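What you see is a predicted model, and the numbers here were worked out from it, not measured in a lab. Lettering of chains follows the sequences in order, A, B, ..., and the numbering in each one begins at 1.
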2 protein chains.
Amino acid sequence: MSGTILVVARGWNIEPWVSRLAAALPGHRIIAGDREGEYPGPDSELAEVDYLLAWKPSATILGRLPNLKLVSSFGAGVDHLFASGALPDVAIVRIVDPDLTARMSEYVAWQCLHHLRRGFEYNRQQTARIWDDLPQPAAREVTVGIMGLGVLGADAAGVLGRIGFEVRGWSRTPKALDGVKCFADADGLDAFLGGTDILVVLVPLTKDTRGLVDRALLQRLRRGGALGGPVLINAARGGVHVEADVIAALADGTLLGASLDVFAKEPLPPESPLWGCDNLVITPHVAAVSDPAALSGQLAAQIRAFERGEPLRNRVDRSRGY
Amino acid sequence: MSGTILVVARGWNIEPWVSRLAAALPGHRIIAGDREGEYPGPDSELAEVDYLLAWKPSATILGRLPNLKLVSSFGAGVDHLFASGALPDVAIVRIVDPDLTARMSEYVAWQCLHHLRRGFEYNRQQTARIWDDLPQPAAREVTVGIMGLGVLGADAAGVLGRIGFEVRGWSRTPKALDGVKCFADADGLDAFLGGTDILVVLVPLTKDTRGLVDRALLQRLRRGGALGGPVLINAARGGVHVEADVIAALADGTLLGASLDVFAKEPLPPESPLWGCDNLVITPHVAAVSDPAALSGQLAAQIRAFERGEPLRNRVDRSRGY
């Protein structure tokens, strides 16, 4: 079999992906978009595209693919594919992979430990050459609440539990996980939040989760826990939190601290007031980076499965949005 | 039974320990030293002391306890008891406790993740409002080498393995740990260091380990690993590393980064050049703080066991030094 593959990844160096995919899919033609997420060639070339592998493709490109059969996201999320409304009605898959999952759990553990172990305060003390030990709860005295109990949330829960944190989780539909107190749906949200010291957001961005983490939600987190106040960690999508509400919550003490890896607008503009917030860790959407060496094989395998008429893995339900 | 207990902990607030010990050991008399590690009362009072619970006691006090029967450290280490040479020849115990162990593993995981996830660089970028993703190995591509495979080292290995790091260990005598490549003695040190990207020091301070981590040892760590250079984390005792050598290694790139929780002189003096080092995390000997609520029970139980003639737990071998 053979087909034409378009790879587009806005802001990424696409070359390591193209070379690996070419090696894994001999006989296929691979064409690549530019760093703006556009394809500079003529429509006639795009008319031949069978498969799209994409990260934040432009709406213009999505509207120029009349023969598209299959789309894969380069990551775990697919909101960037739906954003423009121009995505043809074809099969969509996303990446679920141990490498990507492990990297996300690294980030979540790193940031939970940073807040638990008073990283901001010890960093300020170090800068001022101050030697002063601060009151320190153990992880077992602090509850991490994970919103979103898919593959990423479940693995993060396992790592955090091994470190010693008390872990609870919330999901849209009821789940059961060893060692994790699980809550579900709108009905369970109040109880979930009321016992959470560190809120870790790992839900997909959908119409239901857009703007979910707003001022009212942050005010429902536990106050007076062992940390001295609630903490927000968002490693999912920027659209899930309301940026102005997070800024206000950090300023007035509703939040003790926060870690944001994702933002409504990426790259985060230099003029964003978030850069000026105290007790906030900003990383440039790197919580779980997609590694070509680890993930190209899965992308190629999906195309081969499609060509053989075999079932696809990790299919996206368009109505659910993930 | 009843006896007199002297509690001395230099630099600590001793009150939470005294109140808990008094409740746990009715009928015993408890007297307390001051924050300088001294006892301001007369020799006649010290002559009645049966049990000493201590953290960095002065040599003066140790020489004024003619009827001492048992000494317990307030922590996992006992080097502070031997330091002056004035400790009477009585039974010595130290603390081995799940709370203390878990806190140490928190610190080790926190610092390993900080270096893995390029915390210094992202922090500098945040300060400069720079959005730029940096090359990022996964934990599985990075080897943490733990020196010291006692209770603390073994638990840290378990946590780091669950996070995804490749873990190896080195100890004075041969050990076997699931999922950990183990090396022992001087013969195994070269092979251990040559495959280590992040060196975690968790050995007791003894005559054999004093100054062990010097320039020559740091130069034997793996170069050209996935992190881009070796990292040192010392959460054991400051006497194990040679401060001037660590400073030089950070300055000339022998070390990519370091985390030090312990120092030859504590508190670390404001004029120490360590405060001015780049890519160094300094914390004030708080990697694993002794929590009175978690540990007072063990201290009281040891005294009761001694009074009943039962075996003591976690006895220190004076000849070994731990």
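- Of the listed residues (B:Ile282, B:Asn123, B:Val286, B:Leu116), the greatest number of heavy-atom pairs within a distance under 4.5 Å of chain A belongs to B:Ile282.
- For a residue to count as touching a neighbouring chain, one of its non-hydrogen atoms must lie under 4.5 Å from one of that chain's; by this rule B:Ser105 does not touch chain A.
- A:Cys112 and A:Val200 make their closest contact through SG-CG2, 4.0 Å (heavy atoms, listed as atom of the first residue, atom of the second, distance).
- Heavy atoms closer than 4.5 Å to chain A are found in the side chain of B:Val289, but not in its backbone.
- The aromatic rings of A:His80 and A:Trp55 sit tilted, their planes meeting at an angle between 30° and 60°.
- Contacts with chain A were tallied for B:Ala128, B:Gly11, B:Pro269, B:Pro270; B:Pro270 has the most, counting heavy-atom pairs under 4.5 Å.
- With a threshold of 4.5 angstrom between heavy atoms, A:Glu271 approaches chain B through N, CA, C or O but not through any side-chain atom.
- Counting only distance, with no hydrogens or angles, the side chain of B:Arg20 and the backbone of B:Ser296 share no donor-acceptor pair below 3.5 Å.
- Counted within 6.0 Å of CD on A:Glu36, heavy atoms from surrounding residues, nucleotides or ligands total 12 or fewer; the atom is thus considered open.
- The candidate with the highest count of non-hydrogen atom pairs below 4.5 Å against chain B, out of A:Gly164, A:Ala287, A:Ala294, A:Gly276, is A:Ala287.
- Neither the backbone nor the side chain of B:Thr127 comes within contact range of chain A, judged by heavy atoms closer than 4.5 Å.
- Residue contact with chain A, scored on non-hydrogen atoms closer than 4.5 Å, involves the backbone of B:Ile130 exclusively.
- For the pair A:Phe263 and A:His285, the minimum side-chain heavy-atom distance is 4.5 Å or more.
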* **Intermediate values then yes/no, side chain to side chain contact (heavy atoms under 4.5 Å, CB included), B:Ile233 and B:Asp261** => CA-CA 8 Å; B:Ile233 298 173; B:Asp261 185 57; over 6 Å; no
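- With chain A as partner, the option from B:Glu266, B:Gln111, B:Gln125 having the largest number of non-hydrogen pairs under 4.5 angstrom is B:Glu266.
- Heavy-atom distances place both the backbone and the side chain of A:Tyr107 under 4.5 Å from chain B.
- Atom CG of A:Asp178 sits in a sparse spot, with 12 or fewer heavy atoms from other residues, nucleotides or ligands closer than 6.0 Å.
- For the pair B:Glu106 (side chain) and A:Leu113 (backbone), a donor-acceptor distance under 3.5 Å is absent.
- In this structure, the portion of B:Asp132 lying under 4.5 Å from any heavy atom of chain A is its backbone and not its side chain.
- Using the six-membered ring where Trp is involved, B:Phe74 and B:Trp12 have ring planes that are tilted, between 30° and 60° apart.
- In this structure, A:Asn279 and A:Val231 have side chains that are not in contact, with every pair of non-hydrogen atoms separated by 4.5 Å or more.
- Scanning residues 135-145 of chain B against chain A with a 4.5 Å non-hydrogen threshold yields B:Gln136, B:Pro137, B:Ala138, B:Ala139, B:Arg140, B:Glu141, sorted by number.
- Judged purely by atom type and a 3.5 angstrom limit, B:Arg222 has no side-chain atom pairing as donor or acceptor with the backbone of B:Thr196.
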